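Everything numeric here is computed off the predicted structure, so don't read it as measured data. For the numbers below, each heavy atom of this structure counts, side chains included, while hydrogens, waters and symmetry mates do not.
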Amino acid sequence: MILLGVILLIIGFVASVPIIWTLGIILVVVGAILALLGGTGRAVGGRRHWY
């Protein structure tokens with residue numbers, strides 16, 4: 001999810017499309033939160049690991 005967010009950030013920046021830029025930021029933040037929660041061993045949404 002973090003990788004997809006970074007790709008959307010790059011595409012949004014190059015193409016000057018603000019909605020893609022915003023979606024990229026949201027995906028990076030959500031991906032980072034899920035990675036941190038999964039790294040602490042806490043189950044998120046019924047899963048222990050998010051890939």
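The two residues S16 and P18 make their nearest non-hydrogen contact at O-CD, 3.5 Å.
Put simply, CG on L9 and CG on L4 are 10.0 Å apart, with the number rounded to the nearest 0.5 Å. With rounding to the nearest 0.5 angstrom, the CE atom of M1 is 10.5 Å from the CD1 atom of I33.
The residue from L8, I7, I2 that alone fulfils the side-chain contact (heavy atoms from CB on, under 4.5 Å) condition with L27 is L8.
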